[in-house]
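Letters A, B, ... mirror the listed sequences (proteins, then strands); counts begin at 1.
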Protein chains: 2
Amino acid sequence: MADEVSLAVSTVIFALRPHPRTRRPVLWIPLVRRIRAPHQGTWALPGGPLAPDEGLAASAARNLRETTKLAPSYLEQLYAFGSLDRAPTAAERTVSVVYWALVRADEAEAGVETLNVRWVVADELPELAFDHALIVEYALWRLRNKVEYSRIAAAFLGETFTLAELRAVHEAVLQRTLDPANFRRQMEASGRLVPTGEFRTGGRHRPAQLYRHDESIELADNGPLTGL
Amino acid sequence: MADEVSLAVSTVIFALRPHPRTRRPVLWIPLVRRIRAPHQGTWALPGGPLAPDEGLAASAARNLRETTKLAPSYLEQLYAFGSLDRAPTAAERTVSVVYWALVRADEAEAGVETLNVRWVVADELPELAFDHALIVEYALWRLRNKVEYSRIAAAFLGETFTLAELRAVHEAVLQRTLDPANFRRQMEASGRLVPTGEFRTGGRHRPAQLYRHDESIELADNGPLTGL
DNA sequence: CGAATAGTGTCTTTGAGACAGTATGAC
DNA sequence: GTCATACTGTCTCAAAGACACTATTCG
């Protein structure tokens with residue numbers, strides 16, 4: 001065991017894109033290939049050591065940008081992992097502060113995929129390095145919980161959207177269909193939606209009203225930590 | 001700014017004891033007096049550097065034991081704090097992984113209070129060092145949320161308890177009175193309570209049935225992180 | 001007996017969900 | 001007109017809360 005503890009920041013980045021087979025929207029995350037031991041060659045979460053002159057969230061945002069060329073539309077701390085057995089074969093003891101982030105689908109389309117960066121469906125992961133499989137599972141659990149009682153789903157959409165588009169995000173995250181009528185009433189009752197008076201035309205059906213979110217309401221309620 | 005980041009673990013420790021004036025049960029936390037700069041002489045959360053051969057939770061449990069002579073009946077990670085402006089005057093950059101813990105009232109009575117350790121009412125704090133006031137506020141918010149949808153209140157009680165005792169814990173944490181009839185039904189409907197068939201006598205009224213919690217149910221649902 | 005708390009019954013309100021029905025633009 | 005989806009109405013059920021009532025023990 002080493003006599004020093006090093007500190008790293010990693011990020012679980014979610015985007016919504018169609019499943020390669022079903023074409024239905026599902027969650028994707030980018031992975032990076034490890035280029036050194038331990039676990040050399042296997043896939044891992046993007047991340048790296050914390051720079052001394054940089055905050056934790058800033059570090060997460062930076063290595064998100066470096067691996068995906070994207071800026072997060074939502075970023076939240078997930079957990080600090082620091083068990084002794086995280087990397088049994090490693091010489092170095094590392095504590096990882098992990099963040100999770102949401103990026104917009106259209107931006108994720110533009111995201112580069114290189115030899116060492118690969119986007120995969122979040123429920124169909126390859127084998128991951130260290131305890132990263134557990135970390136992704138936990139991030140998915142948090143996202144699925146939080147989408148039910150906050151307006152973070154907005155982070156996957158643009159400025160304005162129809163109720164059908166918002167519902168599609170919820171359905172993709174929760175992996176079940178939702179009743180359109182009841183979903184509409186819940187969203188209206190939440191007081192977070194503002195009708196714009198504009199309509200989305202183009203489908204072969206009645207045009208749908210466009211909404212935007214009330215931006216005075218935080219994406220998620222983090223209590224006293226708001227804005228940290 | 002230093003060119004190294006040091007890692008510390010701190011803990012917000014909650015106990016239920018009567019308020020000095022009202023005698024109604026309220027939340028208390030122990031503070032330690034800082035014996036070195038910065039903020040020398042002011043009160044702070046118990047904590048210290050992470051030992052290289054110790055897990056994060058183990059470190060929290062250790063310095064909880066060292067300051068209070070107690071073992072936690074509940075321990076959960078709160079947040080990792082690492083902004084650059086946490087300690088503007090400090091030469092050293094520190095990231096703190098903060099835990100929060102619950103200890104039993106009877107044990108807290110026995111907890112030592114020395115010159116450098118002082119128990120204070122959680123809603124009537126003195127001025128605290130660094131960002132510790134924000135940290136306590138966040139811990140209180142988490143506790144008050146979690147008591148409503150988990151069985152962590154049990155961590156303040158002994159093996160068996162009456163519904164009135166359990167309700168008193170909820171009332172103290174939430175700072176409002178609860179209807180005894182509705183509280184009873186909610187607890188019974190939760191499926192977490194097991195009647196023991198024994199009764200608590202001694203009051204000048206009908207004896208109350210003693211319950212215990214179903215120990216196959218976790219104190220709180222942390223999803224995939226169960227038992228970490 | 002009265003005081004005090006244990007425990008039950010029941011009414012109202014609220015929100016979730018199931019599902020039928022109406023509205024309207026694209027074609 | 002037909003199709004597809006937008007949007008509305010309404011019924012049922014479950015949980016939360018207010019509050020009246022009964023039960024039982026102690027002094």
*Can the ring centres of Tyr138(B) and Trp100(B) be said to be less than 6.0 Å apart?*
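Distance test on ring centres: not under 6.0 Å, no.
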*CZ on Arg142(A) to OH on Tyr79(A), rounded to 0.5 Å*: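 Spacing of OH (Tyr79(A)) from CZ (Arg142(A)) equals 10.0 Å.
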_Partner of Tyr211(A) under side chain to side chain contact (heavy atoms under 4.5 Å, CB included), chosen from Glu188(A), Met187(A), Arg192(A)_ =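 Filter result, single survivor: Glu188(A).
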Output the rounded distance in Å from [atom1] ([X]) to [atom2] ([N]).
| X | N | atom1 | atom2 | answer |
| --- | --- | --- | --- | --- |
| Phe183(A) | dC7(D) | CZ | P | 13 Å |
| Arg184(B) | dA16(D) | CZ | P | 16 Å |
| Leu178(B) | dA6(C) | CG | P | 14 Å |
| Glu148(A) | dG17(C) | CD | P | 9 Å |
| Arg176(A) | dA16(C) | CZ | C1' | 11 Å |
| Gln186(B) | dT8(C) | CD | C1' | 16 Å |
| Glu171(B) | dT5(C) | CD | P | 12 Å |
| Phe161(A) | dT5(D) | CZ | C1' | 18 Å |

*Contact nearer the 5' end of DNA chain C, comparing Ala189(A) with Phe199(B)*: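 The residue whose closest nucleotide sits nearer the 5' end is Phe199(B).
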*What does nucleotides 18-27 of chain D look like as a protein-contact string, B for base, S for sugar-phosphate only, - for none, at under 4.0 angstrom between heavy atoms?*
BB---BBBS-
_Would the distance check show the side chain of Asp179(B) and the main-chain N or O of Asn182(B) forming a donor-acceptor pair, the cut-off being under 3.5 Å?_
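Side chain of Asp179(B) to backbone of Asn182(B), a donor-acceptor pair under 3.5 Å: yes, one is there.
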*Does Arg151(B) reach the main-chain N or O of Ala220(B) with its side chain, forming a donor-acceptor pair under 3.5 Å?*
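Pair absent, no side-chain N/O of Arg151(B) close to backbone of Ala220(B).
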*For Ser216(A) and Asp214(A), test the side chains for any donor-to-acceptor distance below 3.5 angstrom and give the result as yes or no.*
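Present: a donor and an acceptor within the cut-off.
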